[in-house]
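Below is one structure, written out as structure tokens; the observations come after it.
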Amino acid sequence: MPMDVPPNIHHVGEVTSTMDAARQMLTAANGVPFAVLAESQVRGRGTGERVWISPKGNMYFTLCIPEKSVTPEITPVLPLLTGLVCRAAIMSVIKGAVLHLKWPNDIIYAGKKIGGSLVESEGESLIIGIGMNVELAPPVTDSGRASTTVNEIAAALGQPKVTPAQLAELVWKHFFQMISDTALTRKILVSRFDAAMDKSLSLHRRTPTGRDPEELRALRLNEWGHLIVSRPDGTEETLMAEYLF
Ligand code: BT5
């Protein structure tokens, strides 16, 4: 995949979810990378069928690429790559902003959530959904972390507002740059994510009804991109697929 794939982004109004909209366009795309950028979603979703609150004003973006565009070594850590891409996109447009990541799929600023990603597949395509709060920080009611927006960071640093379309183009550019980097191994990617993780956050396992009271702290990632956490008693545990608040 060449480094500079020109943006092929379909702008749409309200959709159920850009994941569904992208699936409907897959056959017509015929293996050519494309993305869908929606104004709002009525059934935006997070991982594990959680709700992604999707009012007009934020970025609802789904990128579709042939699975062969990503090396097999990187595919299992695609959520980590996507987080790094989103962080780089925001930091490229808001000078001096320092964003962090929360394993495995959240973009964090000052302890608050700006966005997250969701990786699915269909046939031989990867479908990568990214939600980022650009203008509106919806109140999060399910014991999730408080939210913030890209434009709150811009305002705090005295810089111009960013639009969802501008951010989507930057995500596209950084995504293709990263997957085209032939020097990028899983080990390098994992160590970059590790360096960008906010290790000060108090983490809680999600349970079917809320959150587990045990407070965990991120320590480091192992070479597979799994998270090693410390428990309150100082013991360590490796998490592979758990989702954390
Ligand atoms: C995610 O899931 O963070 C992945 C979000 C992916 C959304 C994009 S938008 C484009 C594409 N189309 C879709 O339908 N989805 C993708 P997860 O880590 O499971 O986080 C979900 C949790 O985040 C919820 O349970 C809430 O606690 C919180 N949340 C929901 N909406 C939020 C928002 N707008 N801002 C901040 N936090 C939010």
Side-chain angles (χ1 to χ4, degrees), residues 9-26 34-64 78-83 85-87 89-90 99-122 126-153 164-165 167-168 171-172 175 197-198 201 203-212 218 227 239 241-245:
I9 302 174
H10 300 265
H11 293 242
V12 296
E14 183 168 275
V15 292
T16 51
S17 155
T18 53
M19 304 306 273
D20 306 335
R23 274 197 169 77
Q24 284 159 12
M25 295 178 186
L26 260 185
F34 72 96
V36 181
L37 175 69
E39 278 184 1
S40 60
Q41 303 183 117
V42 290
R43 277 201 298 282
R45 54 182 197 265
T47 59
E49 301 300 316
R50 280 179 278 274
V51 171
W52 187 255
I53 310 163
S54 307
K56 199 169 169 178
N58 294 337
M59 188 192 84
Y60 310 106
F61 189 61
T62 291
L63 190 58
C64 289
L78 206 47
L80 307 187
L81 180 144
T82 307
V85 161
C86 292
R87 176 175 183 261
I90 299 173
L99 279 97
H100 288 97
L101 299 172
K102 175 175 148 284
W103 183 88
N105 66 327
D106 288 354
I107 303 119
I108 300 285
Y109 180 78
K112 296 180 177 170
K113 182 159 169 170
I114 285 228
S117 66
L118 175 65
V119 177
E120 298 179 348
S121 68
E122 178 82 43
L126 293 166
I127 305 183
I128 302 150
I130 301 169
M132 283 209 265
N133 299 329
V134 177
E135 191 58 35
L136 296 165
V140 174
T141 52
D142 65 354
S143 354
R145 193 166 294 283
S147 62
T148 187
T149 69
V150 173
N151 282 336
E152 274 178 41
I153 310 175
L167 194 57
V171 168
W172 177 286
F175 187 86
M197 252 192 321
D198 185 341
L201 297 176
L203 306 173
H204 295 267
R205 278 193 188 82
R206 290 175 184 271
T207 65
T209 49
R211 65 193 224 173
D212 188 293
L227 179 68
L239 306 183
E242 282 92 340
Y243 284 95
L244 302 167
F245 275 119

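In each ligand, atom 1 is the first atom listed, and ligand 1 is the first ligand listed.
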- Query: Once you round to the nearest 0.5 Å, how far does CG of L203 lie from CG of L227?
  - Reply: 7.0 Å
Give the atom numbers and elements of ligand 1 that come within less than 4.0 Å of a heavy atom of [X].
| X | answer |
| --- | --- |
| T62 | 11 (C) |
| D106 | 3 (O), 18 (O) |
| T18 | 10 (C), 11 (C), 12 (N) |
| N133 | 33 (C), 34 (N), 35 (N), 36 (C) |
| F61 | 10 (C) |
| S147 | 35 (N), 36 (C) |
| V51 | 24 (C), 30 (C), 31 (N) |
| D142 | 24 (C), 25 (O), 26 (C), 27 (O) |

Pick from [options]: the one approaching [atom] most closely through a non-hydrogen atom:
| atom | options | value |
| --- | --- | --- |
| atom 31 (N) of ligand 1 | T47, I53, L37 | I53 |
| atom 9 (S) of ligand 1 | R43, E120, Q41 | Q41 |
| atom 20 (O) of ligand 1 | K102, M59, K113, M19 | K113 |

- Message: Looking at ligand 1, would G48 count as a contact under a 4.0 Å heavy-atom criterion?
- Response: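 G48: no contact with ligand 1 (<4.0 Å).
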- Message: Just to verify, what does T18 make a side-chain contact (heavy atoms from CB on, under 4.5 Å) with, not counting sequence neighbours?
- Response: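 Applying side-chain contact (heavy atoms from CB on, under 4.5 Å) to T18 gives V15, V36, A38, Q41, Y60, T62.
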- Query: Does any non-hydrogen side-chain atom of V140 lie less than 4.5 Å from one of K113?
  - Reply: no
- State, with a plain yes or no, whether a side-chain heavy atom of I128 is found less than 4.5 Å away from one of F175. yes
Location of contacts on [X] toward ligand 1, heavy atoms closer than 4.0 Å:
| X | answer |
| --- | --- |
| N58 | neither |
| R45 | both |
| S54 | neither |

- Query: Is K112 salt-bridged to E152, going by a charged N under 4.0 Å from an acidic O?
  - Reply: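 Answer for the salt bridge query: no.
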